[in-house]
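I have placed the structure first, in the form of structure tokens, so that the comments after it can refer back to it.
Naming convention: chains lettered A, B, ... in sequence-line order (proteins, then strands); numbering from 1 in each chain.
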Amino acid sequence: MSDQAQEREGRWQAFYRVIRRIPKGRVATYGQIAELAGFPRHARQVGYALHALGRSKPRVPWQRVINAQGEVSQRSAPDGDRLQRAILEAEGIVFGGNGRVDLERYGWRPRRR
DNA sequence: TCCCTGACTGGTT
DNA sequence: AAACCAGCCAGGG
């Protein structure tokens with residue numbers, strides 16, 4: 001495998017590792033994941049890595065990652081976002097009337113690392 | 001190899 | 001509040 005392919009693989013794995021640490025009943029933003037993984041400003045790549053998960057069995061709680069506005073991001077797949085919201089609500093997260101999650105209340109705030 | 005399209009974000013206008 | 005814009009970078013045509 002080429003060096004750069006390995007590097008990209010490592011970047012995505014780093015994202016997944018961070019996402020696996022998000023506790024049930026909490027959410028994190030794409031930018032936050034990138035930052036914690038050691039790749040600041042790579043929020044878009046986090047979205048891309050998550051999109052790539054779609055074609056395999058995720059061992060990653062992808063549903064806990066939302067955008068910086070506190071909303072579930074839209075996808076190309078029609079009902080993907082609806083499903084995500086349903087799962088989060090089942091985990092105890094409450095959406096406001098504007099369809100947003102209150103990040104002050106439900107945002108993940110990891111201690112250290 | 002160039003060009004386009006994304007599960008994004010923070011700063012400027 | 002809303003539109004724009006520059007960083008990011010993988011995959012497919």
Side-chain angles (χ1 to χ4, degrees):
Chain A
M1 187 184 282
S2 73
D3 286 356
Q4 54 180 17
Q6 218 163 38
E7 199 176 311
R8 140 173 35 109
E9 189 66 20
R11 178 161 43 235
W12 286 19
Q13 291 308 316
F15 295 155
Y16 298 146
R17 272 197 298 282
V18 173
I19 295 169
R20 278 193 284 262
R21 291 173 47 217
I22 308 172
K24 181 178 170 186
R26 292 270 160 185
V27 294
T29 68
Y30 296 93
Q32 188 180 3
I33 300 302
E35 172 102 43
L36 289 169
F39 298 94
R41 297 184 296 292
H42 287 224
R44 197 166 189 170
Q45 286 31 254
V46 174
Y48 202 87
L50 251 34
H51 179 69
L53 270 184
R55 54 192 189 220
S56 63
K57 291 187 177 178
R59 325 251 284 296
V60 177
W62 54 270
Q63 72 275 12
R64 296 178 192 149
V65 185
I66 63 179
N67 68 34
Q69 317 339 298
E71 0 179 61
V72 169
S73 293
Q74 287 213 297
R75 342 253 194 295
S76 38
D79 285 338
D81 48 344
R82 200 170 61 82
L83 171 65
Q84 180 174 8
R85 174 168 174 161
I87 300 176
L88 289 179
E89 289 179 325
E91 293 187 348
I93 289 172
V94 177
F95 285 71
N98 50 9
R100 296 184 179 188
V101 173
D102 180 358
L103 290 176
E104 292 295 310
R105 177 167 177 184
Y106 295 107
W108 177 43
R109 290 185 246 306
R111 310 285 179 176
R112 62 186 153 62
R113 278 199 202 257

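- At the heavy-atom level, A:Gln74 lies under 4.0 Å from the strands shown only through sugar-phosphate atoms.
- Rounded to an integer number of Å, the gap from CG of A:Leu50 to P of C:dA10 is 16 Å.
- Consecutive pairing runs in DNA chain C reach the stem threshold at B:2-6 with C:9-13, B:8-13 with C:2-7, where a stem means at least three Watson-Crick or G-U wobble pairs with distances under 3.5 Å.
- Atom pair A:Trp62:CH2 and B:dC8:P shows a separation of 14 Å (rounding to whole Å applied).
- Among the nucleotides B:dA7, C:dC9, C:dG7, the one closest to any side-chain atom of A:Arg44 is C:dG7.
- If you measure from atom CD of A:Gln13 to atom C1' of C:dA10, you get 15 Å, rounded to the nearest angstrom.
- Between A:Tyr30 atom OH and C:dC9 atom P the separation is 18 Å, expressed in whole Å.
- You'll find that the side chain of A:Ala43 is closest to B:dT9, out of B:dT9, B:dA7, B:dG6.
- In this structure, A:Arg75 contributes its side chain and A:Ser73 its backbone to a donor-acceptor pair below 3.5 Å.
- Summarising the geometry, the separation between CD1 on A:Ile66 and P on B:dC8 is reported as 13 Å, rounded to the nearest angstrom.
- Only the C1' atoms considered, C:dA2 is 22 Å distant from B:dA7, to the nearest whole Å.
- The side chain of A:Tyr48 lies closest to C:dA10 when the candidates are C:dC8, C:dA10, B:dC8.
- A close approach under 4.0 Å does not occur between any side-chain nitrogen or oxygen of A:His42 and OP1 or OP2 of B:dC8.
- Spacing between atom NE2 of A:His51 and atom P of B:dT5 amounts to 15 Å, rounded to whole angstrom units.
- Of the charged side-chain nitrogens involved, at least one lies within less than 4.0 Å of a carboxylate oxygen, so that A:Glu91 and A:Arg64 count as a salt-bridged pair.
- Here the P atom of nucleotide B:dC8 and the CG atom of A:Asp81 are 12 Å apart, to the nearest Å.
- Classification of the A:Trp12-A:Tyr16 ring pair by plane angle, with boundaries at 30° and 60°, yields perpendicular.
- Taking the ring centre of A:Phe39 as origin, the terminal cationic atom of A:Arg11 falls inside the region bounded by 6.0 Å and 45° from the ring axis.
- For the pair A:Ser76 and B:dA7, the criterion of a side-chain N or O lying under 4.0 Å from OP1 or OP2 is met.
- Annotation: side chain of A:Val65 is not in contact with side chain of A:Phe15 (no heavy-atom distance under 4.5 Å).
- With distances taken from any side-chain atom of A:Ala68 to the nucleotides C:dC9, B:dG10, B:dA7, the minimum falls on B:dG10.
- Between atom CG of residue A:Leu50 and atom OH of residue A:Tyr30 there is a gap of 6.0 Å, rounded to the nearest 0.5 Å.
- A 4.5 Å side-chain heavy-atom check between A:Val101 and A:Val72 finds every atom pair outside the cut-off.
- With A:Gln63 as reference, A:Leu88 is the one residue of A:Ile22, A:Val27, A:Leu88 to meet the side-chain contact (heavy atoms from CB on, under 4.5 Å) rule.
- In this model, the phosphate group of C:dA10 is approached by a side-chain N or O of A:Arg11 to a distance below 4.0 Å at OP1 or OP2.
- The side chain of A:Gln69 lies closest to B:dT9, out of C:dC8, B:dT9, B:dA7.
- Rounded to a whole Å, the CG atom of A:Leu53 is 14 Å from the C1' atom of C:dA10.
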